[in-house]
Amino acid sequence: MLYTEKVMDHFTNPRNVGEIADASGVGTVGNAKCGDIMQMFIKVENDIIVDVKFKTFGCGAAIATSSMATELIKGKSIDDALALTNSAVVEALEGLPPVKVHCSVLAEEAIKAAISDYYKRNGIDKEVPEVADHCCGPECHHH
Amino acid sequence: MNETNVKRIYADHAATTPVLPEVVEAMLPCFNETWGNPSSLHQDGQRAKELLVSARATLASTLGCDPSEVYFTSCGSESDNWAIKGAARKAKQGRNKIITSKIEHHAVLHTCEALAREGFNVVYLDVDSEGIVDLDQLRREADDTTALVAVMMANNEIGTLQPICEIAEIAHDAGALCFTDAVQAFGAIRFNVKEIGVDMLALSGHKLGAPKGIGALYIKKGVRIANLIDGGGQEKGKRGGTENLPYIVGLAKAAKLAQSRLDDVPRIIKMRNRLIDGLCALPHSKLNGARGARLPGNVNVSFEYVEGESLLLWLDIMGISASTGSACSSNSLEASHVLLATGLPIEMAHGSLRFSLSHSNTEEDVDRIIAATAEVVSKLRAMSPIYPGN
């Protein structure tokens, strides 16, 4: 099997799929040409991410990493969510094939994009940290 | 979700096929009875040689050529490499152009790229939206500097059949050789190598019920190409290596069986057309390849707003084996060069599915594939951020 059981679990039963109508922030990363787009919706109350939903167009790893990332930030503070790295997502999924690691970077980017949008909407003058582990290259995604 | 009790449907025959029981049966004696080296003069060797001669005659009869024109190789890729490199390196001075198409198998494309690095001038013919090569472009390009025209008989991804007789004629008018990769076509459609008029033709065993690790190259009498594998004088000194007799016997048996099964082709075409119609009835879908000039068992459809690997994983869970041209399913993370060459937008290439049927599939399989694909496509579209229907 190409993927771990954990990945297949999140692929076949993705958690937190959908949209949040009154989201506090929305982040969309990736593009259809690369074969994956992730859209992350967060609902923030008192600096806590009380709800998170996602929609993803992409491969098994893209869907599983989106699902796992939402699980890892739900109920967490904004700062904790910003501290989530792609390798933590990979670890939680018990590993990804090397060619698929870039999907986990996309999940990290989606969270950061959603939080950046939340900052912008609320006039919060803070910078979202850069994504540490860049993926396929400058032509891909939104670097 | 896990329909473990349901019989699995194998619809990936273009990737490989199971070895047929009759083929196994024909091969077995070569392991423990007729195990000799056909080059040996003693009886053990001569018994093996008889089987080798007979297998070559059988394969030749299915191709419509003389046994002396059939050379056994280790696989389709070796046959492709040998034909192209061999023809290029033996070409007359001044003939350093190789013309191929943009939709060839990587065994051909990467071989041509290797020759380009050696200094050969490689021209890649465009194809139209159905995957048919541009014959006008071929007529313009084929000239007195051309050594070889290499165009596949049938495409492995979209099943498009090329006008190979015309291609061979154009090549010959320019004084060039013509090679065709018939790995997908051999055993799937009826043809006679002499009527097609090519100088060389590659085929592979495991696409038609023989094991992996055996192929053949037809080389027309009088056509001289350089060796790829030098060795101990086997295959008339053209391809070294002790003959893989069990697999050679298996290939001959599989070719013979495939020929006898060609009467079943209309049934396969009927299933294919019903599968195409069923899948194309789903919204935002598109058939890749031609409707008419197409391999009997090939179906390739793109579904917008979903990604192929996800489709494949779900179908696999539902007991269906298929294939995709999506980048995400390949180690190179590149979308299908074939689909892109037909002008398909890259987004649609990511959402492509290939089903390749054979005589072992049934109408019931087609029904199940259509129903499962419809379910999976709508499941994935429901969570797709780009699907306009959400």
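Letters go in sequence order (proteins before strands), and every chain restarts at 1. All values below come from the heavy atoms of this structure, side chains included, with hydrogens, waters and symmetry mates left out.
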Query - Lys/Arg N to Asp/Glu carboxylate O, B/Arg368 vs B/Glu364, below 4.0 Å - result: no

* Asked: Does a side-chain N-to-carboxylate-O contact under 4.0 Å join A/Glu91 and A/Lys6?
  -> no

Only one of B/Leu353, B/Leu287, B/Leu339 passes side chain to side chain contact (heavy atoms under 4.5 Å, CB included) with B/Asn300, and that residue is B/Leu339

Answer with side chain, backbone, both or neither: which region of [X] has an atom nearer than 4.5 Å to a non-hydrogen atom of chain B?
X	result
A/Ile63	side chain
A/Val99	both
A/Ala61	backbone
A/Pro14	side chain

For this session: Show the numbers, then the answer: is there a side chain to side chain donor-acceptor pair (under 3.5 Å) between B/Lys212 and B/Thr16?
Result: CA-CA 8 Å; B/Lys212 294 145 197 70; B/Thr16 195; 3.2 Å; yes

Scored by heavy-atom pairs under 4.5 Å with chain A, the best of B/Gly308, B/Ser384, B/Gly351, B/Ser310 is B/Ser310

More than 12 heavy atoms of other groups within 6.0 Å of A/Asp47 CG: yes

- Query: Taking the inter-plane angle between the rings of B/His110 and B/His106 on a 0 to 90° scale, is it parallel (under 30°), tilted (30 to 60°) or perpendicular (over 60°)?
  - Reply: parallel

So, the part of B/Tyr305 with a heavy atom under 4.5 Å from chain A: the answer is backbone

When the 4.5 angstrom heavy-atom criterion is applied to B/Ala382 and chain A, the contacting part is backbone

